[in-house]
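These notes are about the structure you will find just below.
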Amino acid sequence: MRIKKIMAAAAVLLLLLAAALSAGGGKPESTVIVAGSTSVQPYAEMLAEEYSILYPEREVDVQGGGSSTGITAALSGTADIGMSSRELKGDEENTWNAIIAKDGLVVIVHPDNPIGDLTVEQVRGIYAGTFTTWSELGGTAEHKIHVIAREEGSGTRSAFESMVMDGVMITPTAIVQASNGSVRQLVGSDRNSIGFISLGLVDDTIKDLKLDGISASWENIMNNSYMLFRPFIFVANVEPSGPAKHFIDFVLSAEGQALLTREGLISITEGAQ
Amino acid sequence: MKTFRENLSGYIFMLLALSSISALALITVFIIVQGAPLIADVGVIDFIFGMTWAPSQGEYGIFPMIIGSLSVTLGAVILGVPVGICCAIFLAEFAPVKLRNLFRPAIQLLAGIPSVVYGFWGLIFIVPFIRDYLGGPGLSILAASVILAIMILPTVISISEVSILALPRQYKEGALALGMTHWQTIFYVILPAAKSGIVAAIILGIGRAIGETMAVIMVVGNATAIPTSILDPVRTLTTNIGIEMGYASGEHRQALFATGIVLFIIIMVLNSLAQYITRKK
């Protein structure tokens, strides 16, 4: 009797193993895997949703992970398309890539903060740790500024570094959060904080600051007076074909671009003007 | 036939046991292969005692994170251990059976709450409380210490309680027979006798606190500077890996694995210490 039990147990184990193996190995041919920047992710998810309504037989799977992970995944073939919210650098430029939209970057504070306008130098000073209290910037409060930044390697952070910091390091005393959403949440709950997020994510829980007197609006980015914006890029190992190309074509089409504009991004057709 | 059956079942169990051990071996080898080259490049001293963490500039110093891990863990021990030990004494010595039967499952439940729930709760209640009443950004050593203190309670309580209950009855009976009060018996006889078990409980609690990631990441602020007060944000070794792994590539990713090596060594030392102490008695 016992040997039968053991045999049965072994058989079950084998079956489980086989099931696990086949589950891991079998993805439908038509599924397009898109992975990368958490800044691009929400927009890619909306695009994928719209796409699946238009083409119910096709499937797009959007995953996060971060710009660098996305590019690596695209290069290794783990993902069909990588998403990047920072400029490509070094070897990465030798890949197939396309800018799908541009995204504004906004410096935000708590709605109760009396300050509504800072110069780029002042923002740089805050993030470098030169200014530490709001009164140094014309605020009334003697409170310390709670500086909130994104983590090393984040596309949003590197965009902020290259456009605002000008080679100066962000102070190590800055609080680090791992997503645009948590930066917004934190700034919305802390009166003395300052942060930066995507233009598309600005809502009324926080106040967006004017930079050098110019507000971060779609119009001001279009006419090049507001300078903080960055590209959202799709990356692939080789020139995409088949299902991946079909999805990219949709993203770059008038429909796809209209959706991105509606969500607060700057479409590439407009950005080229 | 009998021996064949016996042998076969023995082999199957050995195979399964080996698979769990080999998982450990695989992870260890992988972490070391990925992380060690970077430590060699940067230099052990510069890596461990370096003050600047700026992977984009090629600076890999994890000293602020080591300080972060130590301060958060120390805070958790200061807040959590006295409560935990008192609770264990209460359960082992004072609690009526009914109450004990209520407390034990409740404490086990505390261990079963997912850490992300602790973190979320901390972010919504502890962090604003600290910000409003004590100052600073709220995300701080103190916030993480409070959360971790609660998280290590089940470990500290259950192991301390077990070691108190495991004492021979004669200790307590003898002490009481000599005219000691219950309180004196606990303080002068039971606690010293159960010392090694309690110390092991504390060390395992420390191990839990140092290794915790998700809950800490949400409330600790993750700043890479050396803190000057318990209201300052810090970054621990685990949150350094957790917060940056998504975006890390190349050397940066190696540096995170190297952080993992340091963490691994710390946990290993703590665990062997706990084992050594429990065996010594």
Pair count under 4.5 Å, heavy atoms only, with chain B: among A/Ser154, A/Gly65, A/Ala178, highest is A/Ser154

Among the options A/Ser37, A/Ser179, A/Ser193, A/Ser68, pick out the one with the most heavy-atom pairs lying under 4.5 Å from chain B. A/Ser68

Please flag which part of B/Pro128 lies under 4.5 Å from any non-hydrogen atom of chain A: side chain, backbone, both or neither. neither

In terms of heavy-atom proximity below 4.5 Å to chain B, should A/Arg150 be classed as side chain, backbone, both, or neither? side chain

Side chains of B/Leu123 and A/Gln185: closer than 4.5 Å at any heavy-atom pair? yes

On a heavy-atom basis, the closest approach of A/Met169 and B/Gln57 is CG-OE1, 3.3 Å

Using heavy-atom distances under 4.5 Å, tell me whether B/Met218 contacts chain A through its side chain, its backbone, both, or neither. neither

Identify the two heavy atoms, one from B/Asn222 and one from A/Gln177, that lie closest to each other, and give their separation to 0.1 Å. ND2-NE2, 4.4 Å

Can you establish whether the number of heavy atoms outside A/Asn94 located under 6.0 Å from its atom CG is more than 12? yes

Below 4.5 Å from any heavy atom of chain B, which atoms of A/Ser67 appear? Answer side chain, backbone, both or neither. both

Treating A/Glu152 as the side-chain partner and B/Ser56 as the backbone partner, does any N or O pair qualify as donor plus acceptor under 3.5 Å? yes

What are the two closest heavy atoms between A/Ile175 and B/Pro137, and how far apart are they? CD1-CB, 3.5 Å

Close side-chain approach of A/Leu186 to B/Leu139, heavy-atom, < 4.5 Å: yes

So CG of B/Leu231 and NZ of A/Lys144: to nearest 0.5 Å the spacing works out to 10.0 Å

Option in B/Pro55, B/Ala54, B/Gly136, B/Pro233 with maximal non-hydrogen atom pairs under 4.5 Å from chain A: B/Pro55

Between A/Asp190, A/Thr72, A/Thr69, A/Thr173, the one whose heavy-atom pairs under 4.5 Å with chain B are most numerous: A/Asp190

Please look at B/Thr239 and chain A and tell me whether the side chain, the backbone, both or neither of the residue comes under 4.5 angstrom of a heavy atom of that chain. neither

Looking only at atom types and distance, does a side-chain atom of B/Arg131 sit under 3.5 Å from a main-chain N or O of A/Ser189, one as donor and one as acceptor? yes

With a 4.5 angstrom heavy-atom cut-off, which part of A/Thr38 approaches chain B: side chain, backbone, both or neither? both

